Amino acid sequence: MREIFTSGSVGRAPGNRCLYPERDPKSRAREKPVSTQGEKMSLIEDLKGLNTNAAVLIAIFFVAFIAPAFLLIYRFNNDLFVKLDTVKLIILSVSITSPSFIFLFVTTWVADAVTVHMGYHEKGHLGTMTDWFVTHGISNTTILYIVTFLTYAFDLQIKTVVWCLLGLLFLYTIHEFWRVLFVAKGPNFKKSILKDKE
């Protein structure tokens, strides 16, 4: 037994007994994909844990603020679209698409405050601000994609695009007043498309 501990290195030197045998390289190679597979499973679990309402809000944010602006920036300034990094491009996109959304959102906010104050609607009848985000996110998506389609189809210039945007915004504002004053009084009025929390 003494020779085992005093015969020098306990590694791979010939004639020595290895007290701490190394693992087979092939077995270690087989173990590497385990962590990757675990990460994939974790991502899948995270996606499964995302509730329906959160998924709807994320999707509306993308189609209402990001996607149409990307298309318009690419159409009018291809070089800028390529040069900007992702963060700056997203900030620019939101800056372009948010005014129409904010206008519609504030319209509903004011209409809700006035109608509640006058006793025309009960408080909360038109929904919450989250519901308005969804409603006007969909409206903003429609407005911007119509403008984008016209831009690509008829090669519109920026000035014409702005006038188209203002015209559509005017029509959607009239529609919102009609929804608040008349549709919301109906028995089938649905203030939100989001699922109620259980």
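These figures come from a predicted structure and were not determined experimentally.
Here the straight-line distance linking atom CG of Asn140 with atom CD1 of Ile102 works out to 9.5 Å at 0.5 Å rounding. Interatomic distance, Thr97 OG1 to Ile143 CD1, rounded to the nearest 0.5 Å: 11.5 Å. From Phe103, atom CZ reaches atom OG1 of Thr108 across 10.5 Å, with rounding to the nearest 0.5 Å. Within the model, atoms CZ of Phe61 and CZ of Phe133 stand 7.0 Å from one another, a figure rounded to the nearest 0.5 Å. The NE2 atom of His136 sits 5.5 Å away from atom CG of Leu104, with the distance rounded to the nearest 0.5 Å. We find the CG-CD1 distance between Asn77 and Ile158 to be 8.5 Å, quoted to the nearest 0.5 Å.
When every heavy atom of Lys191 is checked against every heavy atom of Gly124, the shortest pair comes out as NZ-O, 3.3 Å. Nearest approach of Leu156 to Cys164, heavy atoms of both residues: CD1-SG, 4.2 Å. Residues Leu169 and Thr173 share a closest heavy-atom pair of O-OG1, 2.7 Å. Scanning all heavy atoms of the two residues, the minimum distance from Ile73 to Ser93 falls at CD1-OG, 3.8 Å. Considering every non-hydrogen atom in both Phe76 and Val161, the closest pair reads CZ-CG2, 3.7 Å.
Aromatic rings of Phe189 and His125 (six-membered ring for Trp) have centroids within the 6.0 Å cut-off, being under it. Aromatic ring centres of Phe101 and Phe65: separated by under 6.0 Å.
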- With side chain to side chain contact (heavy atoms under 4.5 Å, CB included) as the test, would you mind laying out the steps for Leu165 and Leu144 before giving the verdict? CA-CA 7 Å; Leu165 183 62; Leu144 291 169; 4.1 Å; yes
- Are Leu166 and Trp163 close enough, and set up right, to give a side chain to side chain contact (heavy atoms under 4.5 Å, CB included), and what steps lead you there? CA-CA 5 Å; Leu166 292 175; Trp163 279 110; 4.3 Å; yes
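Clustering of Ile, Leu, Val, Met, Phe, Trp and Tyr by side-chain heavy atoms under 4.5 Å joins Val87 with Ile91.
In the hydrophobic clustering of this structure, Val180 groups with Ile193; members are Ile, Leu, Val, Met, Phe, Trp, Tyr whose side-chain heavy atoms approach within less than 4.5 Å, directly or through other members. Hydrophobic clustering keeps Ile66 apart from Val147 (ILVMFWY residues linked when any side-chain heavy atoms are closer than 4.5 Å, directly or through intermediates). Cluster membership for Trp178 and Met118, using ILVMFWY side-chain heavy atoms within less than 4.5 angstrom, is shared. Two different hydrophobic clusters hold Tyr145 and Leu150 under the rule that ILVMFWY side chains link at heavy-atom gaps under 4.5 Å. No continuous path of ILVMFWY side-chain contacts below 4.5 Å connects Leu92 to Val162, so the two sit in separate hydrophobic clusters.
Atom OH of Tyr74 has 12 or fewer heavy atoms from other residues, nucleotides or ligands within 6.0 Å. More than 12 non-hydrogen atoms from other residues, nucleotides or ligands lie less than 6.0 angstrom from NZ of Lys185. Counting non-hydrogen atoms of other residues, nucleotides and ligands closer than 6.0 Å to CZ of Phe149 gives a total of 12 or fewer. Other residues, nucleotides and ligands place no more than 12 heavy atoms under 6.0 Å from the CZ atom of Phe170.
Without hydrogens or angle criteria, Asp112 side chain to Trp109 main chain gives no donor-acceptor distance under 3.5 Å. Side-chain atoms of Trp132 come within 3.5 Å of backbone N or O of Leu126 as a donor-acceptor pair. Ser139 contributes a side-chain N or O that, together with a main-chain N or O of Thr135, makes up a donor-acceptor pair within less than 3.5 Å.
Checked options Leu84, Ile90, Leu89; the residue passing with Thr86 is Ile90 (criterion: side-chain contact (heavy atoms from CB on, under 4.5 Å)).
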